[in-house]
Protein chains: 2
Amino acid sequence: MPSESQHRPVETVETAFDIVDVLKRDDGAGITDIADELGLAKSTVHRHVKTLESRGLLVREGDVYRISTWFLDYGIHVRNRHRLYDVARPKVDELAAETNEKVWCVIEEHGMGVHIYGAEGRHSVKTHARIGQRTYLHQFAAGKAILAHLPDNRIESILEDYGLAAQTDQTITERDELHDQLATIRDRGYAFNREESVIGVHAVGAPIRNKSGTAIGAISVAGPANRLRDDLMTEELPSLLLGATNEVEINLAHS
Amino acid sequence: MPSESQHRPVETVETAFDIVDVLKRDDGAGITDIADELGLAKSTVHRHVKTLESRGLLVREGDVYRISTWFLDYGIHVRNRHRLYDVARPKVDELAAETNEKVWCVIEEHGMGVHIYGAEGRHSVKTHARIGQRTYLHQFAAGKAILAHLPDNRIESILEDYGLAAQTDQTITERDELHDQLATIRDRGYAFNREESVIGVHAVGAPIRNKSGTAIGAISVAGPANRLRDDLMTEELPSLLLGATNEVEINLAHS
DNA sequence: AGGAAACGTTCGAACAGCGGGAACAGCTTT
DNA sequence: AAAGCTGTTCCCGCTGTTCGAACGTTTCCT
């Protein structure tokens, strides 16, 4: 996000979170492993780990340290306090019941899409996505719906920061094509995803905007490509989605 | 948890998490507020906040900084990777459907009970508890079920560390009474909570033990006191619960 | 069994870098 | 117009972090 940055970071804090990241990536590790992986002295890592452990942020489990459930406490707190969560959750549940597909609520943060709540429909695909997952905005329906409804300068700076990495061979990787699609999305008010993030999965996404028209999040419906097609994909789902997002926007304005 | 601790913590890391804690408690704050609350210089707080923000861990929202959804990512990761989660979740869902009450899966960590998954029954009370919530083990059914099935020395050290704080006027605050109850719980295999954590709420909890018999977590059913009583409370629910926890224990052993 | 390797842990010393105060800039308030 | 409040930047001094080496245990290997 920060294009330039003239500030000198607190390196000790960075190493602490580097350690946390290693423990997340490797799903638990010992002192020596961490030290090797980060190029730090064992004693340094040891002191950090003991500090984090004494705060309860890490848990020793046999011969490895793991991230503790304190992060779950922090994370759920963040979600519950988000202005969108309380308003969007019932609508997401409704949509899942109506469509029988997987429905996600996604918010924008630091130029990425974050899945904060998902509801299972009766036939919903066991999806790739998890709560908390971060995805590039150009790679999926909800993300494109958000991206299309951000101010132009933010769109540019996001594309500048993250580029257009491919997830499948259908992912948009050309700037021109993206801008064309964004214009279309702005026109009709919703976005499609045809195997652009996962092969075999289609999705429809619609933005949730604040009073000034800027997207703060989106709701999407995802399902198998062979079920989400024709009128269901192009007419029914968009209409259901827009109904839901409109309600959310109204409730959001009066809260 | 650490009764002794001869190690000197990394103070810079502690202040970083102190800041995170303030932002969680106050639900967002400015630089000056944080500095005042922690007794630090504004410049110090500023550097820390900018460091955390550049990592994406904080988000600036108007004139306050907030904790970001990265913590949700960390937290959900912790939960998903927990050996109990995958095994217990379907059983918790089943129990909620069978009993129509609120069902929780709780694990032990650092001598406290952490709610990692909850399922709504059709009539379930909108409960106090949230995912990620930490509760003293002596204050609720799942906690007492866990506590009863820990090694004696761990029980002692936990009571030493946390004491017996009251949550309601029914909470156990006497050591003798607690030990009596724990013995009973060990005998019959499950625990009751009669308005000990929330007035008007009863619950039944049963432990989930590993091969060596030590509890690693518990499952509980909670509901209004006037519905959870008589045979339902003392016979039916315990029997359903024990069926579920036994299955979980078996699946846990073979995974 | 015995030895070696690998682990987490402790210690002291050295200098990087963290913390603090004061000054600056932008904004609203009075 | 000026005074109050922000967040931000600078630089200096000293604290506290880092590292390497050595210790004590356990595990693995031959």
Side-chain angles (χ1 to χ4, degrees), chain A residues 1-23 25-68 110 153 212, chain B residues 1-23 25-68 110 153 212:
Chain A
M1 158 124 311
S3 16
E4 34 56 69
S5 58
Q6 197 57 275
H7 86 288
R8 207 169 303 152
V10 184
E11 297 179 22
T12 307
V13 174
E14 300 238 280
T15 58
F17 277 98
D18 284 343
I19 290 172
V20 171
D21 282 339
V22 166
L23 291 180
R25 202 186 336 275
D26 298 0
D27 199 27
I31 302 277
T32 308
D33 295 328
I34 303 169
D36 288 348
E37 204 152 336
L38 295 175
L40 297 170
K42 283 197 297 176
S43 52
T44 304
V45 173
H46 181 257
R47 206 150 86 91
H48 273 267
V49 166
K50 283 300 172 194
T51 304
L52 295 169
E53 188 193 22
S54 76
R55 273 210 162 228
L57 294 162
L58 300 184
V59 174
R60 184 169 190 169
E61 218 170 275
D63 52 0
V64 297
Y65 289 91
R66 288 181 197 281
I67 303 179
S68 87
H110 275 287
N153 56 337
S212 52
Chain B
M1 158 118 312
S3 15
E4 36 55 66
S5 59
Q6 198 55 275
H7 79 86
R8 205 171 305 152
V10 185
E11 296 179 23
T12 308
V13 174
E14 300 237 277
T15 58
F17 277 99
D18 284 343
I19 290 173
V20 171
D21 282 339
V22 166
L23 291 180
R25 202 185 336 276
D26 297 359
D27 199 26
I31 301 278
T32 309
D33 295 328
I34 302 170
D36 288 348
E37 203 153 337
L38 295 175
L40 297 170
K42 283 198 298 176
S43 52
T44 305
V45 173
H46 181 258
R47 207 149 85 90
H48 273 266
V49 166
K50 282 302 171 192
T51 304
L52 294 169
E53 189 194 21
S54 76
R55 272 211 163 229
L57 294 162
L58 301 183
V59 174
R60 184 170 190 169
E61 218 169 277
D63 51 359
V64 297
Y65 288 92
R66 288 181 197 282
I67 304 179
S68 87
H110 275 288
N153 56 336
S212 52

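Order of the sequence lines sets the chain letters (A, B, ...), proteins ahead of strands, with each chain counted from 1. Because only heavy atoms are used, hydrogens play no part in the values below, and waters and symmetry mates are left out as well, while side chains stay in.
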**Prompt:** Would a 4.5 Å heavy-atom cut-off, applied to side chains only, mark A:Asp26 and A:Asp33 as touching?
**Reply:** no
All N/O contacts under 3.5 Å from nucleotides 27-30 of chain C to the protein, with atom names and distances to one decimal?
none

| said: OP1 or OP2 of D:dT17 versus the side-chain N and O atoms of A:His48: is any pair under 4.0 Å? | reply: no
The helix from C:dA1-D:dT30 to C:dT30-D:dA1: angle between terminal helix axes, five bp per end, to the nearest 10 degrees, reads 40°
Output for pair (B:Ser54 OG, A:His110 NE2), nearest 0.5 Å, gives 8.5 Å
ask   = Are B:Leu23 and B:Arg66 side-chain neighbours, meaning at least one heavy-atom pair lies under 4.5 Å?
value = no
Are OP1 or OP2 of D:dG16 and a side-chain N or O of A:Thr12 less than 4.0 angstrom apart?
-> no
Would you tabulate the nitrogen or oxygen pairs shorter than 3.5 Å linking the protein to nucleotides 21-26 of chain C?
| residue | atom | partner | partner atom | Å |
| --- | --- | --- | --- | --- |
| C:dG21 | O6 | B:Ser43 | OG | 2.8 |

message: Categorize A:Thr15 for me: base, sugar-phosphate, or nothing, with a 4.0 angstrom heavy-atom threshold over every strand shown.
response: sugar-phosphate
Rounded to whole Å, the CZ-P distance (A:Arg8 to D:dT8) equals 17 Å
Taken to the nearest whole Å, CZ/B:Arg47 to C1'/C:dA16 is 11 Å
Can you give the donor-acceptor pairs under 3.5 Å from side chains of residues 37-47 of chain A to other protein atoms, not counting sequence neighbours?
| residue | atom | partner | partner atom | Å |
| --- | --- | --- | --- | --- |
| A:Arg47 | NH1 | B:Arg8 | O | 2.7 |
| A:Arg47 | NH1 | B:Pro9 | O | 3.4 |

Per the under-4.0 Å heavy-atom filter, residues of residues 32-40 of chain B near DNA chain D come out as B:Thr32
OG1 (A:Thr12) and CD (B:Glu14) are apart, to the nearest 0.5 Å, by 12.5 Å
Verify the contact: side-chain N or O of B:His46 to OP1 or OP2 of D:dG7, cut-off strictly under 4.0 Å; return yes or no. no
Sorted by chain and residue number, the side chain to side chain donor-acceptor pair (under 3.5 Å) partners of B:Glu11 (sequence neighbours excluded) come out as none
- Message: Taking 4.0 Å as the cut-off, does a side-chain nitrogen or oxygen of B:Arg60 come that near to OP1 or OP2 on D:dT8?
- Response: yes
